[in-house]
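Working notes for the structure below.
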Amino acid sequence: MAECCFRPHERLRDFNQYQQVKRAGKRVRTPHFGVNFLTNGLPHHRLGLIVQKRFWNAVNRNRIKRRVREWFRLHKETIPLPGKDIVIIARQGAERLSSTEVTRELIRVFAKQDGRSS
RNA sequence: GGAGCAGGGCAAAUGAUCGCUGAUCCUUUCCUUUCGAGGAAAGGGUGGGAGGAAAGUCCGGGCUCCGCAGGGCAUGGUGCUGGGUAACGCCCAGUCUCGGCGACGAGGAGGAAAGCGCAACAGAAAGCAGACCGCCACGCCUCGGCGUGGUAAGGGUGAAACGGUGAGGUAAGAGCUCACCAGUCUCGGUGGUGACAUCGAGAGCUAGGCAAACCCCACCCGGAGCAAAACCGAAUAGGAGAGCGUUUGAGGGCUGCCCGUCCGAGCUCUCGGGUUGGUUGCUUGAUCCCAUCGGUAACGGUGGGACUAGAGGAAUGAUCAUUGCCUCAGCCUCUCUUCGGGGGAGGAUGAGGAACAGAACCCGGCUUAUGACCUGCUCCAAAU
RNA sequence: GCCCCCGUAGCUCAGGCGGAUAGAGCACAAGAUUCCUAAUCUUGGUGCCACAGGUUCGAGUCCUGUCGGGGGCA
């Protein structure tokens, strides 16, 4: 598996998977995102995105999704194993962040988790 | 130079690295096999990959199903004329009215002498005439006025008050009479396919507004919508309750109702339960570009060329560099001058900005959001 | 994607199709009753009728366009 790609099997595709992660997973809040994650028993991580329709138009929704996917693609090896299902919920103000700001904010989340668990 | 009007195309470009999507070709591995092959995963190569509005879903179609849908009514829509078109509420050309000094723009622009209606407050009176203050005549009188009659010029109210100006006329007045103007109706001539324009004659002196509330007239319209629909596969089950009915016909299809017609022995509703996968539809089409012909134009004919997204929890991105555009800041050079300074042009540096916005079956429009530019024209100012 | 519905006082809604006064209940404020509160009674304030344009003498209402909210589908 290449280190920096984003394949369909790394996505959450089912509504039930989203519900399971949101119900049973851990929750972390950052200023612009809500992050839920749950160990899935697979050797890789999986990503799911929730961007509500009521806050943005379609262009800003796509922009947020692309930037979060860019973070996952480039920095997923920094997320500690075992494999996790991650659901990221965008909050208001996220459309004003640049790509580097998104990356900085989300890296900090999993760096904290790494330090706490080890 | 300032203000404005109309039209047109574009949606910063190039390169590098990483990444996404589906098409096609090759390699490897695994599975199935009717030995032709098919499917899945990974890697690599090649050439594609959002818009002028993709938006709002406001109209019109194609397409699919409803037994290819017949007649009438209701509802709904359109509403100057003539063209264009698959069709339209769209577009083009024209007429009339209104707005603007002008370039030009806007118009839901049939009918109120078919009917039912409406007009608060104010005002005497709000639709058919009528008379509050007035004006005039006569009578009475305590000479302030009062009564009867005639008037509608003037005042006042209102969004709107029953033609306007002048002259004659009269007790005072009045289309009462006349001249001109505006407007209505009828007839005729000319131009135009037509809306209409224009000219002449006559009638008659007023006929008001609102149909974007009902209505009348003319024309148009079957319904739903790709979550339409077709096929494959899986799963659960023929459950419980209520209502109606089996030829005297329940119920259903042709939206709402009626007629007509067809199917017809079970149908409808509620509760409960199960799936909630895959393929097709899915992009070659009223398509785009160029030339030419017809037409004022919208558009149409002919010939040649091109293939230009097809996702499905939803693909076009991120970073860096260079060039170009705009704004701001100070610096340098040139030029004009009313010499306090100001205006214009060019150069380099730094910082910031680059809009509106994302296909979801596909087209033709409309509306709304929005960036910088180009072309033509009008008015004003200055100069000649 | 497609098809519908609704925006009126702080809240829930009438009024709207037939045009000229903006209303009801709860809530809020003041007063009375009460030793005080609750309850009751009396009085009152409260609205750019979602926004913009048009028709009209005059739009909450009629017409058109935006904005916001809600619902349904195999």
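Worth knowing before you read on, the calculation uses all heavy atoms, side chains too, and leaves out hydrogens, waters and symmetry mates. Proteins come first, then strands; the chains are lettered A, B, ... in the order of their sequence lines, and each starts at number 1.
- Annotated as anti: G294(B), whose O4'-C1'-N torsion sits more than 90° from 0.
- Using a 4.5 Å cut-off on side-chain heavy atoms (C-beta onward), His32(A) and Val102(A) make no contact.
- Nucleotides of RNA chain B nearest to Ser98(A) and Val59(A) differ in position, and the one nearer the 5' end is that of Ser98(A).
- Classification of A50(B) as syn follows from a glycosidic angle within 90° of 0.
- The partner of A16(B), taking Watson-Crick or G-U wobble pairs whose two distances both stay under 3.5 Å, is U319(B).
- A residue-by-residue look at Thr100(A) and Leu49(A) shows that Leu49(A) has its nearest nucleotide of RNA chain B further toward the 5' end.
- A22(C) and U40(C) are spaced 31 Å apart, taking the P atom of each and rounding to whole Å.
- As a whole-Å value, the separation of Arg61(A) CZ from A55(B) P is 13 Å.
- Using atom C1' as the reference point in both C226(B) and C63(B), the two lie 9 Å apart (nearest Å).
- Applying the Watson-Crick and G-U wobble criteria (two distances, each under 3.5 Å), C328(B) pairs with G350(B).
- Base orientation at U308(B) is syn, since its O4'-C1' glycosidic dihedral falls within 90° of 0.
- Partner assigned to C90(B) is G84(B), using Watson-Crick or G-U wobble distances below 3.5 angstrom.
- Here G10(C) is in the anti range [glycosidic angle more than 90° from 0].
- Across all strands shown, A174(B) has no partner, as no Watson-Crick or G-U wobble contact with both distances under 3.5 Å is found.
- Base pairing of G200(B): its partner is C187(B), meeting the Watson-Crick or G-U wobble criterion (both donor-acceptor distances under 3.5 Å).
- Contact annotation: the side chain of Thr30(A) approaches that of Val109(A) to within less than 4.5 Å [non-hydrogen atoms, C-beta and beyond].
- Nucleotides A357(B) and U8(C) are separated by 27 Å at their P atoms, to the nearest Å.
- Whole-Å rounding puts the Ile64(A) CD1 to A357(B) P distance at 15 Å.
- Taking atom P in both C59(B) and G79(B), one finds a spacing of 14 Å when rounded to whole Å.
- The pairing partner recorded for U34(C) is none, the criterion being a Watson-Crick or G-U wobble arrangement whose two distances lie under 3.5 angstrom.
- A 4.5 Å side-chain heavy-atom check between Ile88(A) and Trp71(A) finds at least one atom pair inside the cut-off.
- Applying the Watson-Crick and G-U wobble criteria (two distances, each under 3.5 Å), A24(C) pairs with U12(C).
- In this structure, Leu74(A) places its CG atom 13 Å from C1' of C20(B), rounding to the nearest Å.
- Residue contacts shown for Asn57(A) are limited to sugar-phosphate atoms, with no base heavy atom under 4.0 Å away.
- Checked against G358(B), A357(B), C18(B), the side chain of Arg63(A) finds its nearest nucleotide in A357(B).
- Residues Val28(A) and Phe33(A) are not in side-chain contact: their nearest non-hydrogen atoms beyond the backbone lie 4.5 Å or more apart.
- Spacing between C17(C) and A212(B) at atom P, rounded to whole Å, works out to 16 Å.
- Look at CG on Leu47(A): it is 14 Å from C1' on C20(B), rounded to the nearest Å.
- To the nearest whole angstrom, the two C1' atoms, one in U55(C) and one in G19(C), are 13 Å apart.
- Only the C1' atoms considered, G76(B) is 38 Å distant from G295(B), to the nearest whole Å.
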Check: protein-nucleotides 315-317 of chain B nitrogen or oxygen pairs below 3.5 Å:
unit_1: U316(B); atom_1: OP2; unit_2: Arg66(A); atom_2: NE; d: 3.3
unit_1: U316(B); atom_1: OP2; unit_2: Arg66(A); atom_2: NH2; d: 3.2

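- Rounding to the nearest 0.5 Å places CG of Leu106(A) at 9.5 Å from CG of Leu97(A).
- The distance from the NE2 atom of His45(A) to the CZ atom of Phe72(A) is 6.5 Å, given to the nearest 0.5 Å.
- Nucleotide A237(B) has no partner under the Watson-Crick or G-U criteria, as no pair reaches both atom distances under 3.5 Å.
- Base orientation of U368(B): anti, the glycosidic angle falling outside 90° of 0.
- C135(B) and G168(B) are spaced 24 Å apart, taking the P atom of each and rounding to whole Å.
- Here Ser99(A) contributes atom OG and Ile64(A) contributes atom CD1; the two are 12.5 Å apart, rounded to the nearest 0.5 Å.
- Asn57(A) CG to Arg63(A) CZ: the interatomic distance, rounded to the nearest 0.5 Å, is 8.5 Å.
- Arg104(A) and Glu101(A) are not joined by a salt bridge, as no carboxylate oxygen comes within less than 4.0 angstrom of a charged side-chain nitrogen.
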